[in-house]
Amino acid sequence: MSASTAQSPSEFSNPNLEPLLTGEQIQTRIAEMGAEIARDCAGRNPLLIGVLKGAFVFLSDLVRAIDARVSTEFIAISSYGGGTRSSGEVRIVKDLDVPIEGREIIVVEDIVDTGLTLSYLLANLESRGATSVKLAALLNKQERRLREVKIDYLGFDIPDAFVVGYGLDFAERYRNLPYIAVLKDPSQD
Ligand code: 5GP
């Protein structure tokens, strides 16, 4: 930890953060996404699968914006480790606790970057006999895409920058920010 970080009086107004999306913008968009999902899923009881850890904040707000019968599960996928760039390595670290054969699935993800993680995960869930597998993602970095992924419900398109907050971390830090920010200089963290 650098000296400047140690002296920072507030984590939420840390000078190494450049605010990108306010908590209010995020909540407004999630309310719209929830209403859309509720309309599409009326009477269908979809299973929302949150991708840990990053999606836990988004999922918790999204489910409360869906006025329809839904169930929730979690899966954990290996991603960046401590860095800021994808290794391209994909591994299920914590699997689902229930079979999903015959279920309508909505995968809930924090951010789609290269698309490597999601293309692997969506194919994996389809191979287990799910009736349909849709994707709800809060953020999308389209410029970084290496593997095409269809996002059925999208919060925001964002530029190619490393972002933190609202569940997204840098080396396990900043998941608790109530907004989304660009991390200006990871080496200063
Ligand atoms: P992909 O496989 O699409 O390249 O990466 C997806 C995963 O990488 C996300 O679920 C997230 O964990 C991580 N990731 C991608 N971009 C960012 C970013 O800007 N900030 C953070 N904190 N994680 C990211």
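Owing to the predicted nature of the structure, the values given are computational and were not obtained by experimental measurement. In listed order, ligands and their atoms are each counted from 1.
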Seminar exercise, completed: For Glu109, the atoms of ligand 1 under 4.0 Å from one of its heavy atoms are 10 (O)
Problem set entry | Whether Tyr174 side chain and Glu11 backbone form a donor-acceptor pair below 3.5 Å | no
For this session: Evaluate the criterion side-chain contact (heavy atoms from CB on, under 4.5 Å) for residue pair Ile106 and Leu135; output intermediate values, then yes/no.
Result: CA-CA 5 Å; Ile106 301 176; Leu135 173 62; over 6 Å; no
Exercise. Under the side-chain contact (heavy atoms from CB on, under 4.5 Å) criterion, do Tyr166 and Ile26 qualify, and how do the steps go?
Worked result: CA-CA 9 Å; Tyr166 203 73; Ile26 297 168; 3.6 Å; yes
Exercise. Below 4.0 Å from any atom of ligand 1, is there a heavy atom belonging to Phe162?
Worked result: yes
Exercise. Looking at Arg128 and Asp95, does any basic side-chain N land under 4.0 Å from a carboxylate oxygen?
Worked result: yes
Problem set entry | Pair Asp160-Arg145, salt bridge (charged side-chain N to carboxylate O under 4.0 Å, His left out): steps then yes or no | CA-CA 10 Å; Asp160 177 13; Arg145 199 70 93 252; over 6 Å; no
Problem set entry | Closest to atom 6 (C) of ligand 1 among Leu118, Thr117, Ile158 (heavy-atom distance) | Thr117
Problem set entry | Glu148 atom CD, neighbour heavy-atom count above 12 within 6.0 Å | yes
Exercise. Against heavy atoms of Ala161, which atoms of ligand 1 measure under 4.0 Å?
Worked result: 19 (O)
For this session: Could you list the atoms of ligand 1 found under 4.0 angstrom from a heavy atom of Asp169?
Result: 21 (C), 22 (N)
Exercise. Quick one: does Lys141 get a heavy atom under 4.0 Å from ligand 1?
Worked result: yes
Exercise. When you look for heavy atoms under 4.0 Å from ligand 1, do you find them on the side chain of Val51, its backbone, both, or neither?
Worked result: neither
For this session: Using distance alone, decide if ligand 1 has a nitrogen or oxygen within less than 3.5 Å of any nitrogen or oxygen in Val163.
Result: yes
Exercise. Gly115 to ligand 1: N or O pair under 3.5 Å?
Worked result: yes
For this session: Give the numbers and elements of all ligand 1 atoms closer than 4.0 Å to a heavy atom of Leu168.
Result: 21 (C), 22 (N), 23 (N)
Exercise. Numbering the atoms of ligand 1 from 1, which are under 4.0 Å from a heavy atom of Thr114?
Worked result: 1 (P), 2 (O), 3 (O), 4 (O)
Exercise. Any heavy atom of Ala55 sitting closer than 4.0 Å to ligand 1?
Worked result: no
Problem set entry | Pair Glu172 + Lys53, salt bridge at N-O below 4.0 Å | yes
Exercise. What do the steps show when you test Arg29 against Glu32 for salt bridge (charged side-chain N to carboxylate O under 4.0 Å, His left out), and what is the final call?
Worked result: CA-CA 5 Å; Arg29 186 68 194 114; Glu32 293 167 355; 2.7 Å; yes
